[in-house]
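Computed from heavy atoms alone, side chains included, the values below leave out hydrogens, waters and symmetry copies. Order of the sequence lines fixes the chain letters, A, B, ..., with proteins taken first and strands second; residue numbering starts at 1 for each chain.
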Amino acid sequence: ACNNDTGAAADNEEEDTASTEEQSNTGNAETGEAVADDEATEVTFWHAMGGGPQKALEEIVADFNEKNPEINVVPQFQGTYDEALTKFRSVGGSKDAPAIVQTYEIGTRYMIESGFIEPVQTFIDNDDYDTSQLEENITNYYAVDGDMYSMPFNSSTPVLIYNKDAFEEAGLDAESAPRTYSEIKNAAEKLTKKDGGNVEQYGFSMLNNGWFFEQLVYTQGAYYVNEENGRSGDPAKAVFNEEAGKNVFTFLDEMNQAGSFGNFGSNWDDIRAAFQSGKTAMYMDSSAGVRDIIDNSDFEVGVAYIPHPDDVEPEGVAIGGASIWMTNSIDTEQQQAAWEFMKYLTTPEVQAEWHVETGYFAINPDAYEEALVQEEYEKYPQLQVTVNQLEDTTSTKATQGALISVFPESRQHVVTALEKLYQGTAPKDALDEAVEQTDRAIEIANRSNQ
Amino acid sequence: MRMRKRITLYILLILSSIILFFPTVYALMVSFMNGREVLSGAVLPSSFSLDNYKKAFESLPLLSYLWNSLVISAAVMAGQLIVSSLAAFAFVFIKFKGRNALFFLFISTMMVPWEATMIPNFVTIQELGWINSYFGLTVPFFALAFGTFLLRQHFKTIPKELEEASQVAGLSRFQFFYKVVLPVSKTSLVTLGIYGFLTTWNMYLWPLLVTNDETVRTVQIALKQMQTKEVSTDWGVVMAGVIIVVIPTLLLLFAGQKQLQKGLTQGALK
Amino acid sequence: MKQVKLDGLYKTYDGTTPVLSNVNATIEAGEFFVLVGPSGCGKSTLLRMIAGLEETNGGAITIGNKRADQLMPSERDLSMVFQNYALYPHLTVFDNIVFGLHVKKVPKEERKRRGRETAEMLGLTDYLKRKPRQLSGGQRQRVALARAIVDESPVCLMDEPLSNLDAKLRAHMRAEIKQIQRRLGLTIIYVTHDQVEAMTMGDRIMVLNKGVTQQIGTPLEIYNQPANPFVATFIGSPPMNIAEGEIKDHKLFIEGLGPIPLPNGGAIDQTHVYAGIRPEAVRFVHDPVREKGPGLIEVKNVEVLGNETVLMFTAAGRDWYARWSGQWPVKPGDRIPVMIDYADVALFDKASEKSIKHGQSPDVAAEISREEVLL
Amino acid sequence: MKQVKLDGLYKTYDGTTPVLSNVNATIEAGEFFVLVGPSGCGKSTLLRMIAGLEETNGGAITIGNKRADQLMPSERDLSMVFQNYALYPHLTVFDNIVFGLHVKKVPKEERKRRGRETAEMLGLTDYLKRKPRQLSGGQRQRVALARAIVDESPVCLMDEPLSNLDAKLRAHMRAEIKQIQRRLGLTIIYVTHDQVEAMTMGDRIMVLNKGVTQQIGTPLEIYNQPANPFVATFIGSPPMNIAEGEIKDHKLFIEGLGPIPLPNGGAIDQTHVYAGIRPEAVRFVHDPVREKGPGLIEVKNVEVLGNETVLMFTAAGRDWYARWSGQWPVKPGDRIPVMIDYADVALFDKASEKSIKHGQSPDVAAEISREEVLL
Amino acid sequence: MNSAPLTKESGYEVGDLPEHSEKAFPLRKDFWQAMLYLLPSFVLFSVFVFYPMFRTIYLSFFLTDYDGMPSVFVGLENYAYIFTSDEFLKSLRATILFVLITVPAGVILALFLALIANEKLKGIGFFRTIFSSNMGMSVAASSVIWLFLFHPSLGALNQMLSTLGLSQVEWLLDPTWAIISVSVTTIWMNTGFAFLIILGGLQNIDEHLYENAGIQGAGYWYQLRRITLPMLSPTMFFIVTVSLINAFQTFGQVDILTQGGPAESTNLIVYSIYREAFVNYQFGTASAQAVILFGCILIVTILQFKFGEKKVHYQ
Ligand SMILES: Nc1ncnc2c1ncn2[C@@H]1O[C@H](COP(=O)(O)OP(=O)(O)OP(=O)(O)O)[C@@H](O)[C@H]1O
Ligand SMILES: Nc1ncnc2c1ncn2[C@@H]1O[C@H](COP(=O)(O)OP(=O)(O)OP(=O)(O)O)[C@@H](O)[C@H]1O
Ligand SMILES: [Mg+2]
Ligand SMILES: [Mg+2]
């Protein structure tokens with residue numbers, strides 16, 4: 001535990017020991033404290049936040065516990081989103097289930113259908129909680145048929161990041177970033193520097209991750225799956241191989257053919273390293289990573305909206321990240337305590353802290369007015385761009401994001417399609433295959449979960 | 001040994017060491033770098049500051065994680081040594097019907113991918129109430145076909161004469177096992193011990209599944225906890241973590257090495 | 001003190017060739033029983049069967065009064081010196097020695113004492129802390145011996161336990177083993193290739209050949225009254241000279257030698273025989289003119305052994321030996337007059353190889369009476 | 001045909017205790033050189049150093065005319081029979097035998113021929129397809145021997161190569177080895193504990209004790225003129241009887257025996273000596289009244305060896321032996337008149353242990369002239 | 001006479017002649033004694049391997065719902081599907097390729113290291129520790145390190161190549177190179193262990209055999225071929241078998257280095273199973289894949305035991 005929350009961490013440890021007697025074998029809880037702890041309602045919180053965000057999260061929890069002595073939230077790291085979800089699937093509905101579980105955005109449909117969770121809408125209604133104070137473009141994602149199933153927590157969107165120094169060197173205007181596909185292509189062309197066979201600097205790059213592809217589709221107002229992105233019913237077919245998807249693939253393919261597109265694989269850190277070391281001049285990243293990039297680059301970093309085809313009016317971006325869910329196999333008392341904690345998380349102060357510490361959006365826009373945030377923006381004016389992009393988003397079924405249960409699998413197929421594209425497969429073939437496989441996954445899921 | 005052979009050997013040894021050890025050294029170097037250096041592709045850090053190590057220790061209760069890892073690894077190691085050597089002994093020194101078939105059945109357990117059995121096993125552990133306890137982390141690994149196989153191969157090279165001499169001396173089978181077979185097989189036992197310890201030490205997914213909080217969690221989880229995806233990972237800290245985690249295992253290897261160095265069965269008979 | 005009884009033992013390794021067949025012997029309690037025979041004749045196999053290390057393919061073994069062939073080796077209560085030592089490589093010399101005592105839960109103090117005593121006796125005191133691989137061959141063999149002796153099991157099997165020791169040490173060991181055996185009344189079955197060991201240590205000797213018992217008897221019986229040419233040539237070094245002979249006209253004819261006259265009344269039914277003459281019975285003729293039955297031999301090879309000389313010559317197409325005391329100044333090629341007394345000749349039936357007549361035992365009783373010896 | 005020269009060899013295993021010190025010897029090309037000494041005296045170590053298996057801690061080894069101590073074993077061009085055989089467990093007997101030929105790229109046909117011939121010679125023909133595990137001890141030893149012989153390397157080291165064979169086979173092997181050695185002109189360094197082997201095979205013998213050379217000489221030199229009491233007692237079986245003695249009044253006094261008169265002119269400077277008498281020189285007195293210098297001994301132990309008898313008695317507080325031809329009907333407790341001729345006595349200086357006077361060699365020349373022997 | 005001792009020597013006798021010295025024991029008693037020694041393993045295997053394995057086989061005939069419970073019985077459909085699925089066939093091919101690269105290369109490398117580290121030299125303990133040190137690196141840690149080394153632009157490997165004036169390699173981005181890169185990482189991670197095992201095996205060989213061979217003039221390579229390898233055969237047999245099995249089950253490094261990409265070129269079966277089960281939550285197909293993988297390994301292992309162990313010389 002870090003210096004300023006050592007006490008809290010120690011508390012957590014002991015409280016947990018006391019509450020899970022049946023498995024406890026450490027037996028080091030001190031009696032005095034244990035009595036006090038017995039009165040506090042325990043809320044286990046499974047999360048997937050490692051590194052810096054974990055630290056920020058634990059500080060917030062510690063503050064909450066201090067302010068609410070009757071509640072004791074215990075944050076427990078459970079690995080990556082996939083791992084956490086796997087584990088939750090195994091214990092869901094049992095006494096081993098936590099009170100709160102954090103799940104990535106694409107697990108939303110699965111969570112809703114799992115039967116292990118309690119929609120937060122119940123508490124919103126009971127409590128007359130005003131959801132309108134939250135960022136609409138975020139809540140939209142987690143609202144299904146108007147009901148909020150989970151509480152948004154860490155949210156991010158993709159942005160275009162570019163090397164201003166390189167722009168100037170290439171004779172481009174560093175202050176007005178390219179926006180349309182042809183602008184990007186032109187800029188990329190100019191930014192590409194070759195030294196014999198080896199490319200020293202690519203013009204444009206994109207992480208091989210389905211998320212960016214989805215965003216490029218959504219911003220064209222197009223859907224990922226039918227039934228209006230799965231928002232108006234159970235989707236049966238993927239549609240991302242239609243016009244919009246093809247646009248994206250063709251866009252990437254053309255640059256790749258031209259040699260101005262740099263492929264740096266599917267690893268977040270790889271592509272960032274490439275950018276920071278000048279191997280690529282533009283790339284798409286998560287808004288949550290922006291500040292670290294600025295910190296770690298020794299050139300001027302520009303942040304801009306994501307690209308769109310020349311003839312399409314961009315609708316903005318859909319949210320990424322994760323939300324937190326209330327489970328249904330715990331006491332109502334615990335649920336209530338969990339709800340208290342969720343509410344606490346949405347307060348502007350907390351969100352300001354969270355936003356500044358991690359780079360994730362504040363789900364409560366009021367947070368942006370906090371002095372803490374304002375100071376940060378002065379230091380990193382680029383951060384403002386990420387917020388603006390989200391706020392500028394037109395809320396449609398497209399930018400709400402797709403809602404399918406087999407999203408993780410589908411993303412893999414998209415990644416494979418991208419990789420094949422870069423290896424020379426025709427855009428249409430690559431896309432069609434991914435769609436076909438997604439369709440099959442949806443079909444199997446539907447068959448097996450009647 | 002002649003000079004030329006000696007020099008050739010040293011050259012080979014040193015070259016191999018450099019190639020093999022480079023990644024580890026590189027990790028050590030990275031552990032001294034700050035984020036910017038790491039991502040700029042430097043090989044040598046600008047300064048050997050211990051900041052990353054401090055951060056690694058600050059951000060997580062590494063010591064308690066290390067302790068857990070130690071306890072669990074040692075327990076698994078002991079369990080495996082006992083269970084595997086008993087089984088291997090039976091396969092080599094007791095003749096019974098169906099011995100080969102049974103041995104193959106044992107071997108077949110190695111072919112079952114662990115990933116395929118993980119969920120049912122998780123459920124089993126859950127039903128045993130062993131979630132978040134040392135039991136859940138250790139007991140499933142006590143039986144090890146691999147270890148049985150390894151020891152069987154070694155036991156088979158033990159000269160028959162030793163068994164005979166022991167029988168004549170009046171040793172019971174079990175006495176022969178622990179008074180002769182085990183001491184004579186020290187090399188293999190040490191190897192297996194190291195293997196058991198390290199694989200347990202390096203386990204990640206299973207401990208993550210069956211533990212909920214830091215009371216019994218292991219260092220590998222801590223390592224993973226230092227990494228992030230959307231937000232930049234602080235590689236310097238991660239590598240510092242890697243180094244911290246690797247040091248105990250290297251020490252173990254070194255100690256085991258000393259044991260292994262004493263080649264044993266030579267000159268056993270005449 | 002236990003009797004060991006072997007009853008029609010049969011053994012084969014490959015299912016067809018017998019390694020031992022129909023071995024019968026009763027080794028009395030407290031007896032020192034020596035097993036000799038050519039290399040590969042089945043001596044070790046027999047010991048290993050008695051110890052229970054090889055299964056018997058037929059016959060029965062009784063130890064004490066208990067049928068033993070189905071017992072585990074550890075239940076037979078015996079100790080063994082292995083031909084190849086089989087020391088425990090991981091234990092020190094001392095621990096190797098007391099290993100069996102440990103098993104028998106002998107108290108620590110006694111274990112120490114007995115271990116030290118035995119080591120002392122075998123000259124191993126300086127090496128107690130070493131591991132077997134740091135010992136010389138003879139030292140290892142002594143450890144193996146110590147391990148068997150210290151046990152004081154009523155039955156002890158020893159497979160060539162002294163083969164790697166020098167003559168002096170070997171003589172010492174012979175005496176020690178005999179003494180322990182007498183003191184503790186051990187039943188010892190002892191395999192050796194050493195004639196001296198066989199002759200001096202054994203109460204009885206059993207001669208094996210190709211897994212078949214040739215003769216069982218006291219050392220002097222075996223030496224003086226060998227049952228067949230095999231035994232005759234196997235015991236005694238250099239071996240008894242053997243050749244085909246013919247008995248005609250009251251004379252024994254052996255090719256290459258002059259006829260040997262039979263004494264009066266010494267008629268023999270068979271005409272075709274094997275004649276055996278011990279090398280010491282091929283006597284030098286001091287005065288060839290006066291003495292009877294001289295023959296002339298051409299020396300092929302001479303071995304001067306210090307206190308005796310062995311000459312090799314050819315008779316009946318075979319190598320024959322003569323052995324005389326002292327160092328003789330003879331060279332290959334020399335021709336020497338010798339004589340053979342019919343009384344010294346052993347005769348075996350040519351067909352059955354059974355003994356017909358024993359050679360006169362080279363005892364000095366003929367020359368010197370017991371009374372004359374004692375003062 | 002290669003000479004082997006050892007020059008001030010020194011060896012220690014633990015850095016302090018020397019196992020060999022200052023060993024010097026020149027083994028001539030084609031010589032049969034025998035190495036004897038008590039168990040653990042360093043014989044195997046010396047062979048292993050010559051072979052290059054142990055490093056030398058001092059001194060030099062020259063093989064042929066080449067300094068060898070820095071050469072690898074494979075460059076020394078020699079063959080070796082190991083005391084513990086060191087057979088390849090994974091190869092058949094035949095493959096074990098021809099392993100070296102394989103290495104030397106001898107053509108297949110020749111390999112086969114030579115392998116078979118050697119196996120034939122050592123009586124291994126029936127076992128060629130077996131693995132070492134399936135052989136008896138003696139058979140294994142013969143495989144080890146065959147492996148060294150078949151190589152025909154100019155220098156051959158043999159570490160007790162016949163210790164596990166029976167007397168008959170051993171005699172046969174002795175002859176075979178000598179014959180091969182002569183035919184191929186091999187230089188052989190041969191370790192043995194067998195007196196007969198040492199006396200009959202060796203051109204010269206080297207006696208080692210505790211790593212120190214005691215004497216080098218022909219077998220008869222060693223036997224007849226031992227350099228010190230150690231050699232005197234080590235060679236000859238039973239060993240030479242040794243006791244402290246005092247020379248006074250022209251007589252040699254040994255406790256427990258009657259005084260032995262010195263002949264005229266046999267004056268000796270020293271008074272305190274070790275006196276050594278070979279067991280065969282302790283002669284039985286046929287007619288105690290007539291013969292001079294009789295003593296009376298009390299027999300402690302009797303060993304009848306077939307063609308000779310060894311009596312043990314006590315003199316000067318030590319075990320003494322008398323060895324007489326034939327089987328004597330003597331029993332422990334008997335008292336027997338004996339005499340010792342001063343001519344047979346060897347004397348050693350008590351302080352330096354150096355030889356003062358050799359015993360008369362038991363050659364028969366005194367009695368029987370060479371002319372008399374030859375016809 | 002000839003055949004009987006020979007089969008006995010082959011070691012893996014399946015009920016031919018009784019091994020001598022063992023049959024002296026009453027067999028029935030032996031059986032129960034053996035069971036006693038095997039009991040702990042048995043209980044644990046039953047609970048943690050056999051039971052899950054049967055469950056896996058069972059599940060392979062079903063579609064599973066969100067809880068991973070079997071919901072629709074589909075018979076062999078899962079099998080039919082994966083065998084017609086391009087993806088699975090690709091991953092099967094990748095797995096086989098991966099096994100063919102890593103097993104021989106890894107074993108030979110480890111053998112080489114063990115051989116040079118088995119010499120009696122000053123400071124050899126240091127080298128031995130270095131050679132076995134990769135054992136101490138967890139899959140996650142080593143993969144992360146290699147990820148850096150393979151980095152397309154910054155990785156030490158590519159930097160080295162450019163210093164040498166060679167064109168850079170897209171280690172993890174080019175499908176052909178990716179499998180090689182993953183293999184290299186795997187070999188690196190596994191050599192430490194194989195090295196230790198082989199070194200142990202080498203040290204068990206009686207030194208006298210080398211001494212004798214040396215005297216007979218056998219050079220290094222000859223000794224290696226005729227003594228070391230045959231005497232090492234039990235160890236090599238073990239390490240090859242285990243490497244085969246492990247190679248078939250490689251997972252961690254793929255997860256971190258390539259996530260099965262690019263273009264599924266490194267989508268080894270276990271990774272594919274993992275993804276199918278833990279990300280896609282298709283236990284049915286995952287189980288079917290696991291069963292097929294099990295079958296593959298089983299066949300390879302049986303072949304290995306049948307033909308491989310024949311060449312093994314136990315003492
Ligand atoms: N590896 C070793 N380490 C320490 N001491 C040893 C080692 N090998 C032998 N020795 C000691 O060195 C001495 C000489 O041993 P060596 O084997 O040369 O004796 P040896 O003359 O061949 O005896 P033997 O006739 O019993 O075979 C012995 O005392 C032995 O204990
Ligand atoms: N495991 C085995 N398999 C097959 N044959 C064997 C086996 N062990 C021994 N033999 C054979 O059985 C015969 C008897 O062997 P044994 O060891 O009893 O001989 P031995 O009399 O002790 O000979 P030595 O004096 O040479 O030690 C030999 O011919 C030997 O080759
Ligand atoms: Mg034998
Ligand atoms: Mg020796």
ask   = Where does Arg147(D) contact chain E at under 4.5 Å (heavy atoms): side chain, backbone, both or neither?
value = both
task = Under 4.5 Å heavy-atom distance to chain E, tell me which part of Phe82(D) shows up: side chain, backbone, both or neither.
result = side chain
message = So which atom in Ile215(E) and which in Ser79(D) form the shortest heavy-atom distance, rounded to 0.1 Å?
response = CG2-CA, 3.7 Å
message = Could you report the tightest heavy-atom contact between Leu209(E) and Leu87(D), atom names first, then the distance?
response = CD2-O, 3.1 Å
request  = Could you pull out the closest heavy-atom pair between Ala218(E) and Ser74(D), with the gap in Å?
outcome  = O-CB, 4.0 Å
key: Atom of His90(D), atom of Arg226(E) and distance for their closest heavy-atom approach   = NE2-O, 2.7 Å
key: Flag if over 12 foreign heavy atoms under 6.0 Å of NZ, Lys178(D)   = yes
ask   = Counting heavy atoms not belonging to Tyr13(D), are there more than 12 under 6.0 Å from its OH?
value = yes
query = Does Asp69(D) have any salt bridge (charged side-chain N to carboxylate O under 4.0 Å, His left out) partners at least two apart in sequence or in another chain, and if so, which?
reply = Arg67(D)
inquiry  = What part of Leu91(D) gets within 4.5 angstrom of chain E, counting heavy atoms only: side chain, backbone, both, or neither?
reply    = side chain
Could you give the side-chain donor-acceptor pairs of residues 29-38 of chain D under 3.5 Å, partners two or more places apart or in another chain?
residue: Glu31(D); atom: OE1; partner: Glu28(D); partner atom: N; Å: 2.8
residue: Glu31(D); atom: OE1; partner: Arg204(D); partner atom: NH2; Å: 3.1
residue: Glu31(D); atom: OE2; partner: Arg204(D); partner atom: NE; Å: 2.5
residue: Glu31(D); atom: OE2; partner: Arg204(D); partner atom: NH2; Å: 3.3

ask   = Which class fits the ring pair Phe99(D) and Tyr222(E): parallel under 30°, tilted 30 to 60°, perpendicular over 60°?
value = perpendicular
key: Arg48(D) side, atom CZ; His208(E) side, atom NE2 - distance, nearest 0.5 Å   = 5.0 Å
request  = Please check if atom CG in Asn65(D) has more than 12 non-hydrogen atoms from other residues, nucleotides or ligands closer than 6.0 Å.
outcome  = no
